[in-house]
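Here is the structure we will look at, set down as structure tokens.
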Number of protein chains: 2
Amino acid sequence: MQYKYITMGVTKTEHFTEEQNELAVLAKALGHPARIAIIEHLIKVDSCICGELVNELPLAQPTVSQHLKELKNAGLIKGNFEGASICYCLNEEGFEKIKSFFTLINTYLENRKDQCC
Amino acid sequence: MQYKYITMGVTKTEHFTEEQNELAVLAKALGHPARIAIIEHLIKVDSCICGELVNELPLAQPTVSQHLKELKNAGLIKGNFEGASICYCLNEEGFEKIKSFFTLINTYLENRKDQCC
DNA sequence: TATTTATATTGCAATATTACGATTAATTAG
DNA sequence: CTAATTAATCGTAATATTGCAATATAAATA
């Protein structure tokens, strides 16, 4: 058997810029309704949350833990231990990177003249 | 054999709000460096593009076509036929939906007082 | 110290995504 | 009409993601 397609199913990150890969990682982390819900909840309660997320979300505890881990790895939330529980809140850094991308897009869209499509 | 976990690997969209699912779909569509590159290229050339994307990207034609389809399905780009080729440009609607989400986040982050994490 | 509470990790089942060769479809050029 | 060009679709290989039961870990409490 030949390994003709050894990278099938794998994103070819090496062919894109670091900025493009970073943006994709951030967007991907937001690409799940549970993770959107987590972000929204963090904003809603306006404080660091400690665990009640499992009660808020329609998912089992290990699944929530996994989603939190992905948001943390992407740099969109931060988490610190606070006694027995852990405390999460938004990580400004991650959102700053997204911000400049969307500022670029919005500026473009606002000034766009023609639109052949 | 029992099909105990018939929905394994499937996002439980039905338990989230329509808005959360919509946002997740949009973010997910941006969650790949090739699709970020496509959006950036559409902004850079400031016009509808007709096919040269395959030359710009380090991916085969069917792969590029697939990424374009995903961006189109998510509502982030539009495409029209123009003779033998097809013409793509940004779809403002999709980006509008993302915009309000990030406005919410930015407003929150700018006004946030404490930060226990 | 033993028990409870809170969260992370492991392991695994199942679907989703990524990538591309081969092919198809549709238009243009000759 | 035929060949060339352009882009979508099909089929398939391979990895990634999602979800949860079971388990592990770590701190608080009795």
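The analysis underlying the following values was restricted to heavy atoms, covering all of them including side chains, and did not include hydrogens, waters or symmetry mates.
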Please state how far atom [atom1] in [X] lies from atom [atom2] in [N], giving the value in whole angstrom units.
| X | N | atom1 | atom2 | value |
| --- | --- | --- | --- | --- |
| B:Leu68 | D:dT6 | CG | C1' | 13 Å |
| B:Arg35 | C:dT17 | CZ | P | 9 Å |
| A:Glu14 | C:dT18 | CD | P | 15 Å |
| B:Phe16 | D:dT18 | CZ | P | 11 Å |
| A:Lys72 | C:dT7 | NZ | P | 12 Å |
| B:Gln61 | C:dT18 | CD | C1' | 15 Å |
| B:Ile86 | C:dT27 | CD1 | P | 11 Å |
| A:Asn73 | D:dA16 | CG | P | 15 Å |

[X], nearest nucleotide to its side chain (from [options]):
| X | options | value |
| --- | --- | --- |
| B:Ala60 | C:dG21, D:dA7, D:dA16 | C:dG21 |
| B:Pro62 | C:dA19, D:dT18, C:dG21 | C:dG21 |
| A:Thr63 | D:dG19, C:dA19, C:dA22 | D:dG19 |
| B:Ser65 | D:dA16, D:dA13, D:dA8 | D:dA8 |
| A:Ser85 | D:dG19, C:dT7, D:dA8 | C:dT7 |
| B:Gln66 | C:dA16, C:dT18, D:dG19 | C:dT18 |
| A:Lys12 | C:dA19, D:dG19, D:dT15 | C:dA19 |

**Message:** If you count heavy atoms of other groups shown closer than 6.0 angstrom to NZ of A:Lys12, is the number above 12?
**Reply:** yes
Name the orientation class of the two ring planes belonging to A:His32 and B:Phe16 (parallel below 30°, tilted from 30 to 60°, perpendicular beyond 60°). perpendicular
The answer to which of A:Glu52 and A:Thr13 contacts DNA chain C further toward the 5' end, by nearest nucleotide, is A:Glu52
For a 4.5 angstrom cut-off between non-hydrogen side-chain atoms, does [X] reach [Y]?
| X | Y | result |
| --- | --- | --- |
| A:Tyr88 | A:Leu71 | no |
| A:Leu59 | A:His67 | yes |
| B:Leu90 | B:Ile77 | yes |
| B:Asn73 | B:Val25 | no |

When you measure from the side-chain N and O atoms of [X] to the phosphate of [N], is any distance below 4.0 Å, counting only OP1 and OP2?
| X | N | answer |
| --- | --- | --- |
| B:Tyr88 | D:dA8 | yes |
| B:Lys28 | C:dT17 | yes |
| A:Lys69 | C:dT9 | yes |
| A:His67 | D:dT17 | no |

**OP:** Could you check whether B:Thr11 gets within reach of a base, just the sugar-phosphate, or nothing at all, counting any heavy atom under 4.0 Å?
**Re:** sugar-phosphate
Using a heavy-atom cut-off of 4.0 Å across all strands, would you classify B:Glu70 as base, sugar-phosphate, or nothing? sugar-phosphate
